[in-house]
**Student:** 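My structure is below; once you've seen it, I'll send some questions.
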Amino acid sequence: MLYGIEFVPSDPVLKIAHYTKLAEENGFDNVWITDHYNNRDVYTTLAVLALNTNRIKLGTGVTNPYTRNNAITASSIGAINELSGGRAILGIGPGDKATFDAMGIEWTKPLKMARESIETIQAFFSGKKVSYAGDCVSINGAKLAFKTGKVPIYLGAQGPKMLELAGEVADGVLINASHPKDFEFAVKQIKAGATKAGRDPKEVDVCAYACFSVDKKAEKAVNEAKIVVAFIVAGSPDSVLERHGIPTEAKGDIGAAIAKGDFGGLMGLVTSDMTDSFSICGTPEDCADKVEGLKKIGVTQVVAGSPIGPNKETSIKLIGKNIIG
Ligand code: F42
């Protein structure tokens with residue numbers, strides 16, 4: 001099992017650099033930095049991390065092809081690969097519609113856009129002059145003036161077609177989920193895609209990009225996870241809630257509490273079924289058991305995503321000592 005950690009650059013870059021160094025010292029293999037326009041820029045953050053670490057792999061977790069041209073993405077992550085001595089990973093996905101609406105960017109054909117972008121960026125990494133005339137992507141003879149190396153590409157995916165696409169074309173897949181039921185479904189889809197493309201499914205790093213919260217006191221860890229879980233429930237398709245036996249009406253109540261900013265009320269609406277379905281949380285032993293369950297189903301990397309725990313430094317050390325080992 002590989003271990004990753006997610007940081008959101010809503011925190012200052014130097015604070016993330018401190019946490020990332022600590023994660024490296026505690027045995028984490030990968031750090032993933034989210035990409036939303038309202039936070040600090042993902043490549044600025046990764047550049048600082050590259051200079052402050054020696055071993056940990058550095059990924060966008062995840063960028064998207066709507067806000068940045070694919071040539072720019074290839075150049076940006078290529079520079080991070082050079083700066084870090086070959087430790088970069090490009091996590092890419094179709095992105096978050098709500099933030100694109102706010103930016104005035106039209107969000108069309110996410111599946112097609114993802115496929116065409118991966119194909120284009122792979123062509124840039126090979127050092128060729130790139131011409132691509134797709135439905136969503138158009139590049140007319142662009143070529144990077146430096147060698148990026150072949151940076152692995154991971155696709156952010158939850159839906160059946162996106163997961164299948166990851167199996168066909170990506171080196172890894174970042175799946176926003178925490179429960180074995182979701183991975184049973186996901187692994188089947190990834191395998192189908194890999195088989196269709198004549199690939200060995202084992203080539204694909206299957207990452208549980210999980211809401212993670214660990215503390216020596218289970219209750220503290222669970223409470224810390226509740227707000228993130230509430231947002232996951234509110235944003236989940238009904239089919240996902242039904243898969244976990246969670247009443248779909250809960251989505252409306254939780255959505256209303258979020259809209260009102262009633263975070264106290266939210267804590268009472270998030271049930272233990274919800275935290276169990278949508279997070280890995282509890283004591284180090286509880287979390288280690290859940291990780292073991294995911295490994296059996298075919299997960300090859302667990303990413304400790306927000307909130308990580310009530311105290312990030314303590315939680316990073318607990319994961320290092322008790323889970324990564
Ligand atoms: N998004 C961000 O913007 N920033 C982040 O930092 C970020 C991090 C992140 C980490 C892990 C992760 O798993 C996702 C993350 N995301 C982040 C979200 C990510 O960018 C993607 O939006 C998300 O992973 C994609 O979710 P999804 O697999 O459910 O895909 C959606 C778009 C979907 O509807 N998929 C359908 C499916 O079955 O998979 C396919 C829909 C389809 O077929 N569409 C057709 C097409 O061509 O696109 C068009 C259909 C039509 O009618 O036009």
Side-chain angles (χ1 to χ4, degrees), residues 4-11 16 30-43 45-46 58-68 73 77 89-103 105-119 134-137 153-170 172-179 182-183 185-190 192-193 196 204-212 228 231-232 235-241 243 278-280 299 301-306 308:
I5 192 157
E6 174 211 55
F7 294 114
V8 179
S10 51
D11 274 331
I16 292 180
N30 287 29
V31 60
W32 299 96
I33 304 297
T34 62
D35 182 15
H36 292 100
Y37 78 90
N38 49 330
N39 291 329
R40 279 92 178 156
D41 173 66
V42 64
Y43 295 106
T45 308
L46 288 173
L58 310 163
T60 51
V62 303
T63 190
N64 72 82
Y66 292 91
T67 55
R68 298 174 209 260
T73 294
I77 199 73
I89 301 183
L90 180 71
I92 192 164
D96 177 352
K97 185 178 182 310
T99 55
F100 296 157
D101 286 347
M103 294 170 84
I105 292 175
E106 201 187 348
W107 195 67
T108 51
K109 299 198 173 162
L111 186 68
K112 195 155 253 181
M113 180 61 130
R115 179 189 289 276
E116 293 184 1
S117 297
I118 291 177
E119 287 172 0
D135 287 344
C136 303
V137 175
I153 301 183
Y154 282 43
L155 182 61
Q158 275 76 239
K161 290 185 189 158
M162 204 67 75
L163 289 161
E164 201 177 313
L165 175 63
E168 273 183 66
V169 300
V173 51
L174 297 166
I175 306 165
N176 256 160
S178 307
H179 195 277
D182 297 308
F183 289 98
F185 167 79
V187 166
K188 202 168 75 182
Q189 294 304 117
I190 296 164
K196 197 157 111 188
V204 185
D205 186 11
V206 178
C207 310
Y209 205 97
C211 163
F212 203 105
V228 180
F231 277 89
I232 297 173
S236 289
D238 288 354
S239 60
V240 171
L241 297 180
R243 188 186 295 156
F278 298 115
S279 71
I280 297 177
V299 170
Q301 177 172 164
V302 168
V303 180
S306 300
I308 303 171

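Basis for what follows: all heavy atoms, side chains included, without hydrogens, waters or symmetry-related copies. Remember, it's 1-based here, ligands and their atoms both numbered in the order they're listed.
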**Student:** Are Val8 and Asn39 close enough that some pair of their side-chain heavy atoms sits under 4.5 Å apart?
**Tutor:** yes
**Student:** So how far is it from Ile16 CD1 to Arg40 CZ, rounded to the nearest 0.5 Å?
**Tutor:** 7.5 Å
**Student:** Considering all protein heavy atoms, does one lie under 4.0 Å from atom 23 (C) of ligand 1?
**Tutor:** yes
**Student:** What protein heavy atom sits nearest atom 29 (O) of ligand 1, and how far away is it?
**Tutor:** Gly159 N, 3.2 Å
**Student:** Among Thr63, Leu174, Leu111, Thr67, whose heavy atom sits nearest atom 44 (N) of ligand 1?
**Tutor:** Leu111
**Student:** Using a distance threshold of 4.0 Å (strictly less than), state whether atom 50 (C) of ligand 1 has a protein heavy-atom neighbour.
**Tutor:** no
**Student:** Can you tell me the protein heavy atom closest to atom 37 (C) of ligand 1 and the distance?
**Tutor:** Lys161 N, 3.4 Å
**Student:** Considering only heavy atoms from C-beta outward, does the side chain of Phe212 approach that of Ser178 to under 4.5 Å?
**Tutor:** no
**Student:** Tell me whether Asn64 reaches ligand 1 (any heavy atom closer than 4.0 angstrom to a ligand atom).
**Tutor:** no
**Student:** Out of Ile92, Ile33, Asn176, who gets a non-hydrogen atom closest to atom 14 (C) of ligand 1?
**Tutor:** Asn176
**Student:** Taking C-beta and beyond as the side chain, do Val62 and Trp32 meet within less than 4.5 Å on heavy atoms?
**Tutor:** no
**Student:** List every atom of ligand 1 that sits less than 4.0 Å from any heavy atom of Tyr209, numbering the atoms from 1 in the order shown and giving each element.
**Tutor:** 10 (C), 11 (C)
**Student:** Contact between Thr67 and Thr99 at the side-chain level, heavy atoms closer than 4.5 Å - yes or no?
**Tutor:** no
**Student:** With salt bridge (charged side-chain N to carboxylate O under 4.0 Å, His left out) as the test, would you mind laying out the steps for Asp135 and Arg115 before giving the verdict?
**Tutor:** CA-CA 11 Å; Asp135 287 344; Arg115 179 189 289 276; over 6 Å; no
**Student:** Please identify which atoms of ligand 1 are closer than 4.0 Å to at least one heavy atom of Lys112.
**Tutor:** 46 (C), 47 (O), 48 (O)
**Student:** Taking all heavy atoms of Pro65 and all of Pro94, pick out the closest pair and write down the distance.
**Tutor:** CD-CA, 4.4 Å
**Student:** Among all protein non-hydrogen atoms, which one is nearest to atom 53 (O) of ligand 1, and what is the separation to 0.1 Å?
**Tutor:** Lys109 CG, 4.6 Å
**Student:** Using non-hydrogen atoms of the residue, decide whether Trp107 is closer than 4.0 angstrom to ligand 1.
**Tutor:** yes
**Student:** Heavy atoms only: give me the nearest Asp182-Ala177 pair and the separation to one decimal.
**Tutor:** CB-CB, 3.8 Å
**Student:** Test your reading of the model: is there a side-chain donor-acceptor pair from Tyr209 to the backbone of Gly61, 3.5 Å cut-off?
**Tutor:** yes
**Student:** Quick check: closest heavy atoms across Ala157 and Met162, and the distance to 0.1 Å?
**Tutor:** CB-CG, 3.5 Å
**Student:** For the 3.5 Å polar cut-off, considering only N or O atoms, please tell me whether Val62 and ligand 1 meet it.
**Tutor:** yes
**Student:** In sequence, state the C-alpha distance, the side-chain angles, and the governing distance for Ser306 and Glu6, and then conclude on side-chain hydrogen bond (donor to acceptor under 3.5 Å, both in side chains).
**Tutor:** CA-CA 7 Å; Ser306 300; Glu6 174 211 55; 2.9 Å; yes
**Student:** As an exercise, identify every atom of ligand 1 less than 4.0 angstrom from a heavy atom of Gln158.
**Tutor:** 12 (C), 13 (O), 23 (C), 24 (O), 26 (O), 27 (P), 28 (O), 29 (O)
**Student:** Closest non-hydrogen protein atom to atom 6 (O) of ligand 1, residue and atom name please, with distance?
**Tutor:** Asp35 N, 3.0 Å
**Student:** Output the list of atoms in ligand 1 that are nearer than 4.0 Å to some heavy atom of Ala157, sorted by atom number.
**Tutor:** 13 (O), 24 (O), 28 (O)
**Student:** Out of Gly95, Pro110, Gly93, Ala177, who gets a non-hydrogen atom closest to atom 18 (C) of ligand 1?
**Tutor:** Gly95
**Student:** Return a yes/no value: protein heavy atom under 4.0 Å from atom 34 (O) of ligand 1?
**Tutor:** no
**Student:** Distance under 4.0 Å to a non-hydrogen atom of Thr34: what atoms of ligand 1 satisfy this?
**Tutor:** 6 (O)
**Student:** Is it true that a side-chain atom of Gln189 and a backbone atom of Leu163 form a donor plus acceptor pair closer than 3.5 Å?
**Tutor:** no
**Student:** Below the 3.5 angstrom mark, is there an N/O of Asp96, backbone or side chain, next to an N/O of ligand 1?
**Tutor:** yes
**Student:** Can you check whether Phe185 reaches Arg243 side chain to side chain, under 4.5 Å on heavy atoms?
**Tutor:** yes
**Student:** Show the nearest heavy-atom pair for residues Tyr37 and Ala102, with the distance to one decimal.
**Tutor:** OH-CB, 4.0 Å
**Student:** Can you tell me which residue and heavy atom of the protein come closest to atom 21 (C) of ligand 1, and the distance to 0.1 Å?
**Tutor:** Pro94 CD, 3.5 Å
**Student:** Tell me which part of His36 gets within contact of ligand 1: side chain, backbone, both or neither, using heavy atoms under 4.0 Å.
**Tutor:** side chain
**Student:** Is atom 3 (O) of ligand 1 near the protein, in the sense that some protein heavy atom lies at less than 4.0 Å from it?
**Tutor:** yes
**Student:** In terms of atom number and element, which parts of ligand 1 are under 4.0 angstrom from non-hydrogen atoms of Met162?
**Tutor:** 28 (O), 30 (O), 32 (C), 37 (C), 39 (O)
